[in-house]
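All remarks here apply to the structure that follows.
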Amino acid sequence: MKDHNNKTPIYWSFLNYKNWNLYIATTDKGLCYVGSLNKEFEELSAWVEKRFPGCPLVEDREKLKPYANELIQYLDGNRKNFTVPFDYHGTDFQVAVWNALCKIPFGETKSYSDIAKQINKPAAVRAVGAAIGANPVLITVPCHRVVGKNGSLTGYRGGLEMKTQLLDLERK
């Protein structure tokens with residue numbers, strides 16, 4: 001995990017679009033957090049305190065506008081890939097998993113074992129699941145596209161209702 005000793009701010013905004021209510025956050029380097037559907041601000045503040053201890057949370061709608069715009073385009077069905085920069089922090093293994101998730105095409109799904117094989121760790125299926133569960137940037141790093149080997153919907157940090165909505169949106 002990268003160290004943020006300089007206590008640089010984490011900028012946040014609330015995205016309220018149609019039935020989507022999400023907290024999003026960025027560092028000066030890129031999108032670092034997309035929250036769960038309809039969760040309270042405390043989810044974001046607890047996450048920041050854990051990942052960026054002591055860094056102030058600063059509301060800045062203008063700074064988050066490019067990220068919010070891409071999310072809105074996606075939610076409207078007008079965007080299949082995100083071009084905004086990311087600044088996610090995790091172990092090398094987690095980052096490898098998150099990068100693999102970004103390669104799952106819009107509208108397609110993969111299994112946890114598919115991702116484990118893709119990162120050359122075929123026996124690490126449970127660890128892949130844990131890394132996916134730790135994905136800090138929902139929707140944009142598409143962990144919702146990972147399903148059980150039999151195609152069943154499995155856990156999702158944003159909840160299965162949110163996962164279902166995202167998969168349905170991509171099937172249209």
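We count residues from 1, following the sequence as given.
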Look at the side chain of Asp76 and the backbone N and O of Gln73, then say whether any donor-acceptor pair between them is shorter than 3.5 Å. no
Intermediate values then yes/no, side chain to side chain contact (heavy atoms under 4.5 Å, CB included), Ile119 and Val97: CA-CA 7 Å; Ile119 63 167; Val97 169; 3.7 Å; yes
Might you work through the side-chain hydrogen bond (donor to acceptor under 3.5 Å, both in side chains) test for Tyr112 and Thr154, ending with a clear yes or no? CA-CA 10 Å; Tyr112 293 89; Thr154 53; 2.7 Å; yes
Does His89 reach the side chain of Phe52, with side-chain heavy atoms less than 4.5 Å apart? yes
Donor-acceptor pair, distance only, cut-off 3.5 Å: does the side chain of Lys18 make one with the backbone of Ile72? no
Counting heavy atoms not belonging to Glu161, are there more than 12 under 6.0 Å from its CD? no
May I ask you to decide if the ring planes of Phe106 and Tyr74 are parallel, tilted or perpendicular, using 30° and 60° as cut-offs? perpendicular
Short side-chain to backbone donor-acceptor contact, Lys39 and Asn21, under 3.5 Å: no
Inter-residue atom distance Cys143.SG - Ile132.CD1, 0.5 Å rounding: 7.0 Å
Evaluate the side-chain proximity of Leu57 to Glu49: yes if any heavy-atom separation is below 4.5 Å, no if none is. no
What's the separation between atom CD1 in Ile24 and atom CG in Leu15, rounded to the nearest 0.5 Å? 5.5 Å
Hits for side chain to side chain donor-acceptor pair (under 3.5 Å) against Tyr23, two or more places apart or cross-chain, chain-then-number order -> none
Sorted by chain and residue number, the salt bridge (Lys or Arg N to Asp or Glu O under 4.0 Å) partners of Arg61 (sequence neighbours excluded) come out as none
Does Tyr156 form a side-chain hydrogen bond (donor to acceptor under 3.5 Å, both in side chains) with Asn135? I'd like the steps, not just the answer. CA-CA 10 Å; Tyr156 183 66; Asn135 172 19; over 6 Å; no
Residue list, salt bridge (Lys or Arg N to Asp or Glu O under 4.0 Å) with Asp60, at least two apart or on another chain: none
Non-hydrogen side-chain atoms of Ile115 and Ile104 separated by less than 4.5 Å: yes
Heavy-atom side-chain proximity of Leu71 to Thr140 below 4.5 angstrom: yes
Residue of the set Lys65, Lys80, Arg79 for which salt bridge (charged side-chain N to carboxylate O under 4.0 Å, His left out) holds with Glu70: Arg79
Could you tell me whether the side chain of Pro136 reaches within less than 4.5 Å of the side chain of Trp98, counting heavy atoms only? yes
If only atom types and distance count, is the side chain of Glu43 paired as donor or acceptor with the main-chain N or O of Gly35 below 3.5 Å? no
Can we call the ring centroids of Trp12 and Phe41 under 6.0 Å apart? yes
Treating Arg51 as the side-chain partner and Gly90 as the backbone partner, does any N or O pair qualify as donor plus acceptor under 3.5 Å? no
